[in-house]
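As structure tokens, the structure follows; a few thoughts come after it.
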Amino acid sequence: LAPPLAGQFLTVRLPAEGADVVRTWSLSDHDISGGAYRLTVKRLDGGLGSGLLHALRPGARVEARPPAGRFTLDRSGFLRLVLISAGIGVTPMLAMLKAHAARGDEVPPVQWIQVVRDGDSHALAAETRAALERLRAERHIFYTSPGEGDLAGRDYDHLGRLWEWGVIGGE
């Protein structure tokens with residue numbers, strides 16, 4: 001497999017009746033061995049591409065172009081890394097976070113800022129938390145509408161949106 005840069009995407013062709021379906025999805029992991037790609041795709045009701053992808057069985061083959069895209073992490077920097085995402089936009093950020101961590105002991109500090117509706121829609125939450133803890137990263141996770149089982153301090157850090165906390169400017 002062609003080695004990806006953290007933050008890149010794959011263009012995938014999925015077999016479908018009539019005409020194949022082509023979709024582009026961000027890589028959601030950073031595999032330093034270069035032996036695998038991971039896509040994290042939310043299945044949407046009525047979503048043609050996500051429905052086809054989720055219907056695939058283990059061992060199915062799909063056509064994909066090599067990883068592409070210029071929204072990538074510059075791993076040579078020595079300044080603090082700030083990663084900001086909302087909702088499913090976490091997928092390239094998680095790949096970047098893992099690539100950053102792979103730099104080893106001399107990794108610059110990380111600030112993680114993420115906005116999510118609630119724990120049920122918090123994609124890759126446990127994996128992200130584990131990576132942030134390993135890096136001892138500064139974390140700002142915002143839930144705009146926490147569910148009954150969502151706990152402040154464990155699942156999220158702030159209630160509301162970024163500008164309501166003065167993290168960034170806004171409306």
Side-chain angles (χ1 to χ4, degrees), residues 1-17 19-45 47-116 119-141 154-156:
L1 295 175
L5 298 173
Q8 288 187 308
F9 59 84
L10 283 184
T11 301
V12 178
R13 181 188 314 264
L14 300 164
E17 285 188 37
D20 290 348
V21 173
V22 176
R23 294 290 186 270
T24 300
W25 289 297
S26 296
L27 293 166
S28 61
D29 202 0
H30 178 70
D31 179 11
I32 57 175
S33 73
Y37 299 139
R38 183 178 78 179
L39 299 173
T40 302
V41 179
K42 180 179 181 179
R43 184 179 189 143
L44 299 173
D45 289 336
L48 181 58
S50 66
L52 289 169
L53 188 69
H54 281 267
L56 292 174
R57 298 290 174 231
R61 291 173 135 328
V62 297
E63 293 180 25
R65 291 188 174 167
R70 296 185 302 192
F71 179 63
T72 59
L73 175 65
D74 177 2
R75 295 179 64 201
S76 66
F78 59 89
L79 298 175
R80 173 183 303 273
L81 175 65
V82 179
L83 297 170
I84 304 171
S85 65
I88 196 63
V90 71
T91 55
M93 297 301 158
L94 181 56
M96 290 181 190
L97 182 67
K98 288 183 168 187
H100 186 70
R103 291 178 61 177
D105 293 337
E106 299 301 318
V107 65
V110 176
Q111 186 173 26
W112 179 268
I113 302 171
Q114 183 180 16
V115 179
V116 183
D120 289 339
S121 60
H122 193 167
L124 305 164
E127 187 175 344
T128 300
R129 275 190 210 96
L132 293 170
E133 287 173 14
R134 278 193 304 276
L135 284 168
R136 294 181 301 281
E138 182 181 342
R139 152 192 137 151
H140 296 280
I141 297 175
R154 180 193 70 188
D155 301 313
Y156 66 97

Mind listing the closest non-hydrogen atom pair of Ser26 and Leu39 along with its distance?
O-CD2, 3.5 Å

For residues Leu27 and Thr91, determine if any side-chain heavy atom of one lies less than 4.5 Å from a side-chain heavy atom of the other.
no

Answer yes or no: is there a donor N or O on one side and an acceptor on the other, between the side chain of Gln8 and the main chain of Leu5, under 3.5 Å?
yes

Interatomic distance, Tyr37 atom OH to Asp29 atom CG [nearest 0.5 angstrom]:
13.0 Å

Could you tell me whether the side chain of Leu135 reaches within less than 4.5 Å of the side chain of Val107, counting heavy atoms only?
yes

Does Asp31 pair with Lys98 as a salt bridge, N-O distance under 4.0 Å?
no

Measuring from Met93:CE to Ile113:CD1, what's the distance to the nearest 0.5 Å?
10.5 Å

On a heavy-atom basis, which atom in Val21 and which in Gly49 lie closest, and how many Å separate them?
CG1-CA, 4.2 Å

Checking Thr40 against Ser28: is there a side-chain donor and acceptor pair closer than 3.5 Å?
yes

What's the separation between atom CG in Leu56 and atom CZ in Arg61, rounded to the nearest 0.5 Å?
12.5 Å

Which heavy atom of Pro15 sits nearest to which heavy atom of Leu52, and what is that distance?
O-CD2, 3.8 Å

Shortest non-hydrogen contact between Val62 and Arg13, atoms and distance
CB-O, 3.7 Å

Who pairs with Arg38 by salt bridge (charged side-chain N to carboxylate O under 4.0 Å, His left out), at least two apart in sequence or on another chain?
Glu127

Can you tell me how far apart CZ (Arg75) and NE2 (His30) are? Round to the nearest 0.5 Å.
4.5 Å

Report yes if the side chains of Val90 and Trp112 come closer than 4.5 Å at any heavy-atom pair, otherwise no.
yes

Not counting sequence neighbours, which residues clear side-chain hydrogen bond (donor to acceptor under 3.5 Å, both in side chains) with Arg23? List them please.
none

Please name the pair of heavy atoms, one in Ser50 and one in Leu44, separated by the smallest distance, quoted to 0.1 Å.
OG-N, 3.1 Å

Can you tell me how far the CD1 atom of Ile141 sits from the OG atom of Ser85, to the nearest 0.5 Å?
8.5 Å

Check whether Arg129 reaches the backbone of Arg154 with its side chain - one donor and one acceptor, N or O, closer than 3.5 Å.
yes

Evaluate the side-chain proximity of Gln114 to His140: yes if any heavy-atom separation is below 4.5 Å, no if none is.
no

For a 4.5 angstrom cut-off between non-hydrogen side-chain atoms, does Pro108 reach Leu79?
no

With sequence neighbours left out, write down each residue that passes salt bridge (charged side-chain N to carboxylate O under 4.0 Å, His left out) with Arg43, or none if nothing qualifies.
none

Distance, nearest 0.5 Å, that separates CE of Met96 from OG1 of Thr72:
6.5 Å

For Ala95 and Ala6, which heavy atoms make the closest approach, and how far apart are they?
O-CB, 3.5 Å

How about CZ on Arg70, more than 12 heavy atoms from neighbouring residues, nucleotides or ligands closer than 6.0 Å, or not?
no

